[in-house]
Student: 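Take a look at this one; I'll ask things after.
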Amino acid sequence: MPANTNSVDSAYTSAAKTDLQGLELAEHHFGPLLRPTRATKSPWTNYSINRLQTNQKYRTVVSVPRKGSEDDSEEDESDKYIKACVSQIEDEMDFEHGALQKCITILCNETVLDDEEPRSTDHIVRIYSPTAPMYIDVHFKYYCRSRRSEVEWQYTLGYKIQRRPSATASNALAIKNEIKMGGPEDVYAYNGWQTLGWGCYDDSYKNYGERGRRVEFGRVELHEEGVMNIREVLFGELEKPAETDSEATLAYHRSLVRDIRLLLAAVGISYDVACTDDESDHRPYELMLEGLSDKWVARGIRNACGLRLARDAEEERKGAMERQEAKGYDDDSEDD
């Protein structure tokens with residue numbers, strides 16, 4: 001829930017009364033930053049004021065005790081998932097605990113539980129870059145409900161990069177209004193939003209009731225340029241090694257895959273994406289990102305990061321066959 005206006009004003013006052021500007025101001029409030037870029041004073045000052053005011057207006061994943069108050073507020077269940085998911089990324093990157101968690105601000109979280117599992121969620125989080133005066137907003141909308149003879153399921157996952165933050169608190173309602181209502185493929189078509197992925201079951205009039213089948217549609221729409229933009233904003237540019245250096249090439253691809261997994265982790269999605277054929281893809285337990293057995297989300301993330309495993313082609317073929325069988329079975333049932 002948003003804090004009152006006085007809290008936002010106090011955040012601005014806190015930034016102003018230090019007489020610090022630019023990177024020094026950011027380090028004072030949010031340090032230690034991770035290899036921060038030496039931008040001019042204005043971008044870092046705007047970033048700092050934006051982050052201070054937005055954190056006061058909404059809430060961060062890692063709570064910061066405020067003067068005169070005790071940090072004994074009850075932690076939201078979704079915050080626990082986010083902290084756990086992001087903590088895993090921190091461990092993999094050998095970062096200090098909380099180094100990435102403290103960069104995440106919850107702007108909107110409308111979640112309905114069904115026996116402790118999410119039935120629906122509409123989630124907007126912000127990842128403030130620990131290296132540059134920029135941030136990424138991530139939106140995740142999800143619905144999954146089992147009925148007597150069918151399962152309703154769909155989700156959309158998108159992001160928006162802001163390279164020039166304003167020196168004002170963000171407005172979650174204004175951000176929600178940027179996102180278009182409509183089919184999963186079209187939600188992030190405007191206002192600088194980018195689609196990371198989406199999935200759903202066929203909800204046509206033929207596919208309801210006892211005759212309904214789980215006909216899956218979905219796609220990872222991330223591409224190489226988007227991956228590199230995300231990497232640059234969060235952790236700076238990553239130099240591509242020579243293809244002859246297999247060890248460095250694997251580390252390069254693993255870093256890019258991890259960057260995308262951080263966007264998922266920021267909205268409470270833990271998806272372990274294999275980077276070698278000896279590793280396995282582990283999909284999240286609480287949320288369904290794929291409607292059948294094919295782990296196409298993991299494969300799509302790998303593809304966007306320039307990584308193709310030897311098994312991917314065969315798994316893609318089997319996944320296509322599985323989806324076709326679901327459609328074909330449905331068609332056959334109509335003839336009975």
Student: Tracing side-chain links under 4.5 Å among I, L, V, M, F, W and Y, which residues wind up in one group with Leu307?
Tutor: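 Once heavy-atom contacts under 4.5 Å are chained together, Leu307 belongs with Leu309.
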Student: If only side-chain N and O atoms count, and only distance matters, is there a donor-acceptor pair under 3.5 Å linking Asp278 with Thr276?
Tutor: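 Distance-only check fails for Thr276 and Asp278.
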Student: Which pairs would a plain distance check flag for residues 30-42, meaning a side-chain donor or acceptor within less than 3.5 Å of a matching protein atom at least two apart in sequence or in another chain?
Tutor:
unit_1	atom_1	unit_2	atom_2	d
Thr37	OG1	Thr131	O	3.4

Student: Counting distance only, does the side-chain N/O of Glu27 pair as donor-acceptor with the main-chain N or O of Leu23 below 3.5 Å?
Tutor: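 Such a contact is absent between Glu27 side chain and Leu23 backbone.
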Student: Closer than 4.0 angstrom, basic N to acidic O: yes or no for Arg126 and Asp137?
Tutor: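 The answer is yes: the pair qualifies as a salt bridge.
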Student: Using a strict threshold of under 4.0 Å (side-chain N to carboxylate O), is an ion pair present between Lys318 and Glu315?
Tutor: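 Judged by the 4.0 Å cut-off on N to carboxylate O distance, Glu315 and Lys318 do not form a salt bridge.
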Student: Please name all residues satisfying ring pair (Phe, Tyr, Trp, His ring centres under 6.0 Å) with His139, sequence neighbours left out, ordered by chain then number.
Tutor: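 His139: ring pair (Phe, Tyr, Trp, His ring centres under 6.0 Å) contacts with Tyr188.
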Student: Report yes or no: does Arg231 contribute a side-chain atom to a donor-acceptor pair with the main-chain N or O of Gly236 at less than 3.5 Å?
Tutor: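 Pair found, side chain donor or acceptor close to backbone of Gly236.
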Student: Considering residues at least two apart in sequence or located in another chain, which fulfil the salt bridge (Lys or Arg N to Asp or Glu O under 4.0 Å) criterion with Lys240?
Tutor: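 So Lys240 forms no salt bridge (Lys or Arg N to Asp or Glu O under 4.0 Å) with any residue.
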Student: Can any side-chain N or O of His29 pair as donor or acceptor with the backbone N or O of Leu25 at less than 3.5 Å?
Tutor: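 Flag not set: sc His29 to bb Leu25 has no pair under 3.5 Å.
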Student: Checking the side chain of Glu152 only, and the main-chain atoms of Tyr143 only, is there a donor and an acceptor separated by less than 3.5 Å?
Tutor: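 No; judged by distance alone, with no hydrogens or angles, the pair does not exist.
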Student: Just to verify, what does Asp281 make a salt bridge (Lys or Arg N to Asp or Glu O under 4.0 Å) with, not counting sequence neighbours?
Tutor: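 Asp281 satisfies salt bridge (Lys or Arg N to Asp or Glu O under 4.0 Å) with Arg302, Arg311 only.
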Student: Determine whether a donor-acceptor pair (N or O, by modelled atom type, separation under 3.5 Å) exists between the side chain of Asn171 and the backbone of Leu173.
Tutor: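 At least one qualifying donor-acceptor pair exists.
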Student: Please enumerate all residues that pass salt bridge (Lys or Arg N to Asp or Glu O under 4.0 Å) together with Glu178, with sequence neighbours excluded.
Tutor: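 So Glu178 forms a salt bridge (Lys or Arg N to Asp or Glu O under 4.0 Å) with Lys160.
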Student: I want to check something: taking the side chain as every heavy atom from C-beta on, are His97 and Ser87 in contact at a cut-off of under 4.5 Å?
Tutor: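 Touching, per the 4.5 Å side-chain cut-off.
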Student: In chain order, what residues pass the ring pair (Phe, Tyr, Trp, His ring centres under 6.0 Å) check against Trp44, with sequence neighbours excluded?
Tutor: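 Ring pair (Phe, Tyr, Trp, His ring centres under 6.0 Å) list for Trp44, sorted by chain: Tyr47.
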Student: Check this for me: Glu24, atom CD, are more than 12 non-hydrogen atoms of other residues, nucleotides or ligands nearer than 6.0 Å?
Tutor: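 Atom CD in Glu24 is not packed in, count stays at 12 or less.
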Student: Could you list the residues that satisfy salt bridge (Lys or Arg N to Asp or Glu O under 4.0 Å) with Arg51, not counting sequence neighbours?
Tutor: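 Arg51 satisfies salt bridge (Lys or Arg N to Asp or Glu O under 4.0 Å) with no residue once adjacent residues are dropped.
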Student: Taking side chain to side chain contact (heavy atoms under 4.5 Å, CB included) as the definition, give me every residue that meets it alongside Glu322, ordered by chain and number, with sequence neighbours left out.
Tutor: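 Glu322 satisfies side chain to side chain contact (heavy atoms under 4.5 Å, CB included) with Leu292, Ser293, Asp294 only.
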Student: Would you call Lys102-Glu90 a salt bridge at under 4.0 Å N-O?
Tutor: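 So Lys102 does not pair with Glu90 through a salt bridge.
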Student: I'd like to check the side chain to side chain contact (heavy atoms under 4.5 Å, CB included) partners of Val187; sequence neighbours left out, ordered by chain and number.
Tutor: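 With neighbours one apart ignored, the set is Thr156, Ile179.
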Student: So does Glu216 pair up with Arg323, basic N to acidic O under 4.0 Å?
Tutor: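 Yes, charged N to carboxylate O under 4.0 Å.
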Student: Would you find a donor on one side and an acceptor on the other, under 3.5 Å apart, between the side chain of Tyr155 and the backbone of Leu289?
Tutor: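 Between the backbone of Leu289 and the side chain of Tyr155 there is a qualifying donor-acceptor contact (under 3.5 Å).
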Student: Counting N and O atoms only, with roles assigned by atom type, does the side chain of Ser170 sit under 3.5 Å from a partner on the main chain of Thr54, one being a donor and the other an acceptor?
Tutor: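 A pair under 3.5 Å: no.
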Student: Could you work out, with side chain to side chain donor-acceptor pair (under 3.5 Å) as the rule, every residue matching Arg261, not counting sequence neighbours?
Tutor: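 Glu92, Asp272.
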Student: Flag yes if more than 12 heavy atoms outside Glu279 fall under 6.0 Å of its CD atom; otherwise flag no.
Tutor: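 Yes.
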Student: Considering residues at least two apart in sequence or located in another chain, which fulfil the side chain to side chain donor-acceptor pair (under 3.5 Å) criterion with Tyr271?
Tutor: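 Listed in chain order: Glu290.
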